[in-house]
Amino acid sequence: MKEAYVRARICFIHIDYEPSAAMKVASDDVDLGKFTPKSTKAKSSGGSFSNLFRDSSGADYLFLLGGFVFSACNGALLPFNSLIFEGITNVLMQGEAQWQNGTFDYDTFSGGIKHYCLNYFLLGVFMFAASYLSNACLYTMCERRLHCIRKHYLRSVLRQDAKWFDQNTIGGLTQKMSSGVEKIKDGIGDKVGVLISGTATFISGVLLGFYMCWQLTLVMLVTVPLQLGSMYLSAKHLNKATKNEMSAYSVAGGMANEVIAGIRTVIAFNAQPFEIDRYAKQLAEARKMGIRKCVVLAICSSIPLILMFVLMAGAFWYGAYLTSVGVASSGTTFGVFWAVILGTRRLGEAAPHMGAITGARLAIRDIFKVIDHEPEINCTRSTGRQPEKIEGKLSFENIEFSYPTRPDAKILKGISFEVNAGETVALVGHSGCGKSTCIGLLMRFYNQSAGIIKLDGIPIQDYNIQWLRSTIGIVQQEPIIFLATVAENIRMGDESITDEDIEEACKMANAHEFISKLSDTYETVIGAGAVQLSGGQKQRVAIARAIVRKPQILLLDEATSALDTESERMVQAALDKASRGRTTLCIAHRLSTIRNASKILVFDNGLIAERGDHDQLIRENGIYANMIRAQEIEKSKEDTSIEDEIDMISRPALTTDEDELRKSRNQLRDSRRLSESMLSVTSQQACWEIESSRDELLEEGSMEASMLDIFRFAKPEKTKIIVALFFTIIRGVTWPAFSVVYGKLFKVFAEGGDDLTTNALLTALWFLLLAATSGVSTFISGSLLGKSGETIASRLRLDVFKNIMQQDAAYFDDPKHNVGNLTSRLATDSQNVQAAIDHRLAEVLNGIVSLLSGIAVAFFFGWSMAPIGLLTALLLVVAQSAVAQYLKIRGPKDMESAIEASRIITESISNWKTVQALTKQDYMFSAFVAASKKPRSRAFTKGLWQSLSFALAGSFFLWNFAIAYMFGLWLISNQWTTPFSVFQVIEALNMASMSVMMAASYFPEYVRARISAGIMFTMIRQKAGIDNRGINGEKPLIRGNIFMRGIYFAYPNRKRHLILDNFNMSANFGQTVALVGPSGCGKSTTIQLIERYYDALCGSVKIDDHDIRDISVKHLRDNIALVGQEPTLFNLTIRENITYGLENVTQEALEKAATLANIHTFIMDLPDGYDTSVGAGGGRLSGGQKQRIAIARAIVRDPKILLLDEATSALDTESEKIVQEALDKARLGRTCVVIAHRLSTIQNADKIIVCRNGKAIEEGTHQTLLARRGLYYRLVEKQST
């Protein structure tokens, strides 16, 4: 649609209205404007824009008024160009007529040209000022209001209760802060200005048209509904098609993300062909939607062109008729046409921006719904009791509770207990029995459904929440460490403490020693993105943070369950110190940690089934005694080593678990999105992002692909592309041809005479020919190139995905090949490459052809006049480039300035529970406000420069006209050219310059296309060290004997760190061999070598008598099945997950495997049985259920070798018992290699191999190893105590 506007006279006077940054504020009172939250019970105003200006300052309204007024002035001034054009055309036509008949009056001609050139210049000045001021006012107002929204949104989120957070995802909340605020900015900033300006242009254009010639204006207005209607329908259908395409590609992208995230499972079960086929089907559906969108886009582009030329034919013929009867002058026809068509087009182009305003209204509703939400438990209220001293006695009386998201499932069913001051009470029981719920109720994250919780005999609802939480110290299973120094993290507990207090607390928490070894001791920055601490170290910092609060009540929620035995011992010692003299409520899965508690409460199904001390409960021989027996060798991770604690600081990559890495990546992504939002860079992709892409290109070891490389890849679509390019060239010649016809029309009007109407009619027929030519060529070139682009992008995606599926584990260990990067390559880079082929290629080629043809026409009609037009156009390009280069240099610094503020937002919202428990809502809010000052200031400055650029682009064409016509006057005075040649050359260059400017907007996309193509072509060519396709290699009958001799191995990304150092082991068919030892000793590595994820550096791995490297990888894995600690299930049915990677599995075999895995009964109780979807990542199933399906997946393959890698360590005792029974059945009749942290699960193994430092140092049965009293004996002894 935009092209039609650009190509004719309009395109010369088009102003680019896409500023994206806020303007600078003269004053520094950016914190003005406080919101008065509305009660949620009151009638809400929904997404009313009045909310946006709630309690605004006078300055905000002043900026808003200024933006409206100057936008209206800018729009209203634009059609005056047509009035000037009418005058200068009359002068040129009269001069041409006189020149032809030899009566040329230079003085009169010169006076007229100078008069209108001065008008052009002054109009340019006024429009420059109006454009600059309108953008400055609107964006200054916008940035001021958005800053207030961000502040109050963050403050509101941090005061919400847990019930509200259960109903709102963390990702959704940060997205509202970024994309939601961006939508508001989009709708209340430049889009409002465009609407006002477009409306003003339409009104002004029509009024000027009536002023010049009401008859012609009236006729042209009849066509306005047709033009606006076509634009509306085009936009509507295009939006629908685009939405369908994005939805289809989103599904394909989600599937690819899931598969790559679980790539080790895909490899282990030889499921690559299945996943490639599944991805291909998803892409085929998405491609169909994409092609449909391309056809719609081609139609949308061609219809306005046809209407434009048809309207030209009719208007100019009718104008000639009015001129012939003396109603209008020759110049009036041109002036009226451009005035009305310009107004119509500007209004039509402004109309789609209503969508942005509607989107802003919806975003305002969503964001203010958060700001105005009054939580049931408002932790920021100042009301409530705040006694100076408490004893710390707790009592729970008949407490009932259900989580708001599951109101039908009662968690607590009327429990009652007391905790005396200074007493330690432990809560134990299976997962989901209500232990942690008690702590949540005591912290007042939730309110109980019934009953009363009292502190010192007073209901906790009577206390001030902030005060209550400040008297409680809480240490959780997964402590949250903020990105700050060690001292700052500990001061989060109490800001008033001294350095000596911090050191004392750390000594109590057994943390002082390791902190002293850090590079900057207590000033070392820790947390995500800085120095990584091990689990035990983080836990001790959290304990120190709790201790400095000097709490009267200490809550320990499984504070050691995620630690290895050595770390647990140190942390438990710290907890024992911290508990002295304090009321302590302790939750523990590891029952050995709570044997000394004053009282132990055993929870079961929401009730307290048993209570008493350890000895009493053992004597009762009930639930607690059974739990103790089930944990004879207590739950513990095998990084229980007799060695000193490993210094995890030096190896951060080895200490951060996958969940933490994933969380850090998500926070980093959210922070980056927020940074972009704060700096207003989302509506225009900054040049520095291209530089970032180039860095990624170098990291991948690639080179930029040439356009020839891209076209070579597009060889299957060669015929379509050639046909499309032919029609694109025809389309490109259309506009220079238009300028020639336009010049011919000028001559017709200049000559006048009795046959004016007839000549005008003949010329109008040329316009009709141009309508047909441009419409057909635009549709054919756009649809064919669009279809080719979609097909190429789809094929590129599939080829890259196929190669990813064939890579070995070393490929995925490389940080640059993480899940996010690979899925981004598939989604983003393929689209970037597509831009080099689809309709954008048509636009670029069209621009180039138009430029060359236009210059040729200009030099043909007036070689002496043409250079000045090119020179003035070059001046604009230089000015624009200078501003763009400056903004490019600023880009990285702008982003860097916003990182801290965006990090604070994501960290605060992600860790809201910790922030509230530490009562640090105001602290985080103040930190955000302080961190926002610099990026806001830089955004204002950036906005000023962008405003200058847009204002210059919108007014320069008027100065260009003035310069060109004055130069033409000088040439005419020397009789070097004619008035007609001046007009013809200016119009030809006008068309050429606008065409190339249109094409220039796509040039950055071509740079990105070449970079992305270079990366993707390199990925397609990349060969795997281990060919996972298994095409080559022997396929012997495998019995299941495993021999490993003299194995040396180091992971490819840590080549200097040997994991296996002369390792030896063997497992005969039918044996169960267990591997035990500290973390990092090589147990899991051994399994990965048997699966042949990697090859050993030295030594031999043999299956039966065959070297594993000689066996076909596919054949090998067909005979091996793996069950890991955290099984990966895919968003498929239970049937498809169990038979994953297999074909033609019978229902009988499926049910037999499920029965052996203790899961068949559960599946049959489901409404859809085996056809039930497990959800993304198996999210609809519990941990135990997922584990049993994974066991069934292994059994159904009837493998000769079964590998069990800590298959029960992540489960609670009850789930572990069921899963362990399934595993015991699964081991029968096959070789089984087991890794277990819980040594009780492998006591019956045929052979136990004890690993340490990459070597097998002990080997034997459970009894023989105990008798040796070596490392295994010490591990068992340490775990049992």
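Given the structure is predicted, the values throughout are model-derived calculations rather than measurements. Throughout, residue positions are numbered sequentially from 1 according to the sequence presented.
Taking every heavy atom of both residues into account, Thr1231 and Asn1041 meet most closely at OG1-N, 4.5 Å. For the pair Arg1109 and Ala1096, the tightest heavy-atom approach, listed with the atom from each and the gap, is NH1-O, 4.3 Å. Closest of all the heavy-atom pairs between Cys586 and Ile594 is SG-CG2, 3.5 Å. Considering every non-hydrogen atom in both Phe1063 and Cys1251, the closest pair reads CE1-SG, 3.8 Å. Of all heavy-atom pairs between Gly1099 and Ile1047, the closest is C-CD1, 3.8 Å. Contact between Leu1202 and Ala1194 at its shortest, heavy atoms only, is CD1-CB, 3.9 Å.
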Side-chain atoms of residues 1067-1078: list all donor-acceptor pairs with protein atoms under 3.5 Å, sequence neighbours left out, distances to 0.1 Å.
| residue | atom | partner | partner atom | Å |
| --- | --- | --- | --- | --- |
| Gln1071 | OE1 | Asn1068 | N | 3.0 |

Working for salt bridge (charged side-chain N to carboxylate O under 4.0 Å, His left out), residues Asp808 and Arg1092: CA-CA 9 Å; Asp808 55 21; Arg1092 212 183 162 207; over 6 Å; no
Side chain to side chain contact (heavy atoms under 4.5 Å, CB included) between Leu1204 and Cys1232, intermediate numbers included: CA-CA 7 Å; Leu1204 305 176; Cys1232 187; 3.7 Å; yes
Salt bridge (charged side-chain N to carboxylate O under 4.0 Å, His left out) between Asp613 and Lys599, worked out: CA-CA 5 Å; Asp613 61 24; Lys599 191 189 302 177; over 6 Å; no
Full working for side chain to side chain contact (heavy atoms under 4.5 Å, CB included) between Leu617 and Glu620: CA-CA 5 Å; Leu617 294 175; Glu620 288 179 12; 3.9 Å; yes
From CA spacing to verdict: side chain to side chain contact (heavy atoms under 4.5 Å, CB included), Thr1264, Glu1259: CA-CA 9 Å; Thr1264 57; Glu1259 185 176 313; over 6 Å; no
Stepwise side chain to side chain contact (heavy atoms under 4.5 Å, CB included) test for Leu1129 and Leu1181: CA-CA 10 Å; Leu1129 299 185; Leu1181 304 175; 4.0 Å; yes
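Taking 4.5 Å as the limit, every side-chain heavy atom of Tyr1048 sits out of range of all side-chain heavy atoms of Leu1060. Within the 4.5 Å cutoff, the side chain of Cys506 has no heavy atoms near those of the Met508 side chain. Contact annotation: the side chain of Val541 approaches that of Phe514 to within less than 4.5 Å [non-hydrogen atoms, C-beta and beyond]. Looking only at side-chain heavy atoms (C-beta outward), Ile1120 and Lys1200 stay at 4.5 Å or farther from each other. Two residues are said to be in side-chain contact when any heavy atoms from C-beta on lie closer than 4.5 Å; Ile1038 and Asp1104 meet this criterion. Within the 4.5 Å cutoff, side-chain heavy atoms of Asp1118 are placed close to those of Asn270. Residues Leu1122 and Ile1087 have side chains in contact (heavy-atom distance under 4.5 Å, counting atoms from C-beta outward). In this structure the side chain of Val1113 reaches within 4.5 angstrom of the side chain of Ile1026, judged on heavy atoms.
Remark: side-chain polar atoms of Arg1117 are paired, donor with acceptor, to backbone N or O of Glu1091 under 3.5 angstrom. A donor-acceptor contact shorter than 3.5 Å links the side chain of Thr524 to the backbone of Thr521. A donor-acceptor distance shorter than 3.5 angstrom exists from the side chain of Gln539 to the backbone of Gln476, with no hydrogens or angles considered. Between the side chain of His1115 and the backbone N or O of Pro1036 there is at least one donor-acceptor pair closer than 3.5 Å. Remark: the backbone N or O of Asn510 is paired with a side-chain donor or acceptor of Arg540 at under 3.5 angstrom.
Within 6.0 Å of the CD atom in Glu1034, the count of heavy atoms belonging to other residues, nucleotides or ligands exceeds 12. Counting non-hydrogen atoms of neighbouring residues, nucleotides and ligands closer than 6.0 angstrom, the CZ atom of Arg611 exceeds 12 such neighbours. The environment of CG in Asp615 is crowded: more than 12 heavy-atom neighbours from other residues, nucleotides or ligands sit within 6.0 Å.
Annotation: cation-pi geometry satisfied between Arg264 and Tyr1093 (NZ/CZ under 6.0 angstrom from ring centroid, within 45° of ring axis).
Judged as a ring-ring contact (aromatic ring centres under 6.0 Å, His included), and not counting sequence neighbours, Phe812 has no contacts. Partners of Asp1246 by salt bridge (charged side-chain N to carboxylate O under 4.0 Å, His left out), not counting sequence neighbours: none found. Residues satisfying the side-chain contact (heavy atoms from CB on, under 4.5 Å) test with Ser1066, not counting sequence neighbours, are Phe1043, Arg1045, Lys1247. The side-chain contact (heavy atoms from CB on, under 4.5 Å) test applied to Ala1267 returns no partner, not counting sequence neighbours.
One side chain, Tyr1051 or Thr1085, offers a donor N or O that lies under 3.5 Å from an acceptor on the other. For the 3.5 Å distance criterion, the side chains of Asp557 and Ser436 qualify, holding a donor opposite an acceptor.
Salt bridge Arg1230/Asp1198: present, at least one basic N to carboxylate O contact under 4.0 Å.
Rounding to the nearest 0.5 Å places CG of Leu1203 at 8.5 Å from CD1 of Ile1235.
For residues 1061-1072, the set of pairs meeting the salt bridge (Lys or Arg N to Asp or Glu O under 4.0 Å) definition, not counting sequence neighbours, comprises Asp1061-Lys1255.
Paired with Tyr624 under the rule side chain to side chain donor-acceptor pair (under 3.5 Å), one option of Glu610, Gln616, His614 passes, and it is His614.
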